[in-house]
Amino acid sequence: MKFSPEHVIDVFFNHRFNFSDEIELQNAISAVLTQSGIAFEREHRLSMRDKPDFILDTDCGKIAMEVKIDGGKNPLLRQVNRYLSHDEIAGIIVVGTPYYIDLMPKTLNNKPIWSHRFLRSLLG
């Protein structure tokens, strides 16, 4: 059964993630996706340079998911733009803790972007 990107984000609303670094958060996300029955692949290589944290098989095609807990908005936008330039990627979900997660554009490269900021996360 395939799920919508919106459903994936809804799943995250019901979880509190405890982590101290991005790898721990990725592992926690992996566990939540598995428990929710959402099919995914970790660190699927799109090219030598591009390797999203997750690829989800959704009802609208293959969706990349990128996880961020630090770094700047502009480098993330460049990264998202590169991922969306691949024909096999229909859109991207960006999740994490920085304030700019809520400020992501809704589309880039004529493909949708969904975002979810983890507000209740415990760092450290």
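Reckoned from all heavy atoms, side chains included, excluding hydrogens, waters and symmetry mates.
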Let me check something: do Ile23 and Phe12 share a hydrophobic cluster, defined by ILVMFWY side-chain heavy atoms less than 4.5 Å apart, either directly or through other members?
no

Shared-cluster residues of Tyr99, by chain and number - hydrophobic side chains joined below 4.5 Å
Leu46, Ile55, Leu76, Leu77, Val80, Tyr83, Leu84, Ile89, Ile92, Val94, Tyr100, Ile101, Leu103, Met104, Leu108, Ile113

Distance in Å, Asn27 CG paired with Glu22 CD, rounded so as to fall on 0.5 Å steps
11.0 Å

Test log, rule ring-ring contact (aromatic ring centres under 6.0 Å, His included), inputs Phe13 and His116
CA-CA 9 Å; Phe13 278 109; His116 177 68; 4.5 Å; yes

Give a yes or no answer on whether the side chain of Ser47 reaches the backbone of Asp50 with a donor-acceptor pair at less than 3.5 Å.
yes

Do Gln35 and His15 make a side-chain contact, defined as non-hydrogen atoms from C-beta onward lying under 4.5 Å apart?
yes

Between Gln79 and Glu66, is any pair of side-chain heavy atoms under 4.5 Å apart?
yes

Distance col, row Cys60:SG vs Lys111:NZ, nearest 0.5 angstrom, shows 11.5 Å

Are more than 12 heavy atoms from other residues, nucleotides or ligands located less than 6.0 Å from atom CZ of Arg45?
yes

Point-to-point distance, once rounded to the nearest 0.5 Å, from CD1 of Ile9 to CH2 of Trp114:
8.0 Å

Just wondering, are more than 12 heavy atoms of other shown residues or ligands nearer than 6.0 Å to CG in Asp102?
yes

Can Leu25 and Phe17 be said to form a side chain to side chain contact (heavy atoms under 4.5 Å, CB included), step by step?
CA-CA 7 Å; Leu25 179 54; Phe17 294 97; 3.8 Å; yes

What distance separates Phe54 CZ from His44 NE2, expressed to the nearest 0.5 Å?
14.5 Å

Please name all residues satisfying salt bridge (Lys or Arg N to Asp or Glu O under 4.0 Å) with Arg78, sequence neighbours left out, ordered by chain then number.
none

How far apart are the closest heavy atoms of Leu56 and Met65, and which atoms are they?
CD1-CE, 3.5 Å

Taking the side chain as C-beta and beyond, is there a heavy-atom pair between Leu33 and Val8 under 4.5 Å?
yes

Taking C-beta and beyond as the side chain, do Phe118 and Ile69 meet within less than 4.5 Å on heavy atoms?
no

Tell me if a side-chain donor or acceptor on Asn109 pairs with a main-chain N or O of Asn81 at a distance below 3.5 Å.
yes

Hey, could you give me the CD/CD distance between Glu41 and Glu43, rounded to the nearest 0.5 Å?
10.0 Å

Measure the OG-CG distance between Ser36 and Asp10 for me, rounded to the nearest 0.5 Å.
11.0 Å

So which atom in Ser4 and which in Asp59 form the shortest heavy-atom distance, rounded to 0.1 Å?
CA-OD1, 3.3 Å

State, yes or no, whether a side-chain contact exists between Phe19 and Thr97 at a heavy-atom distance under 4.5 Å.
yes

Compare all side-chain heavy atoms of Thr34 with those of Phe40 and state whether any distance is below 4.5 angstrom.
yes

Determine whether a donor-acceptor pair (N or O, by modelled atom type, separation under 3.5 Å) exists between the side chain of Ser85 and the backbone of Arg82.
yes

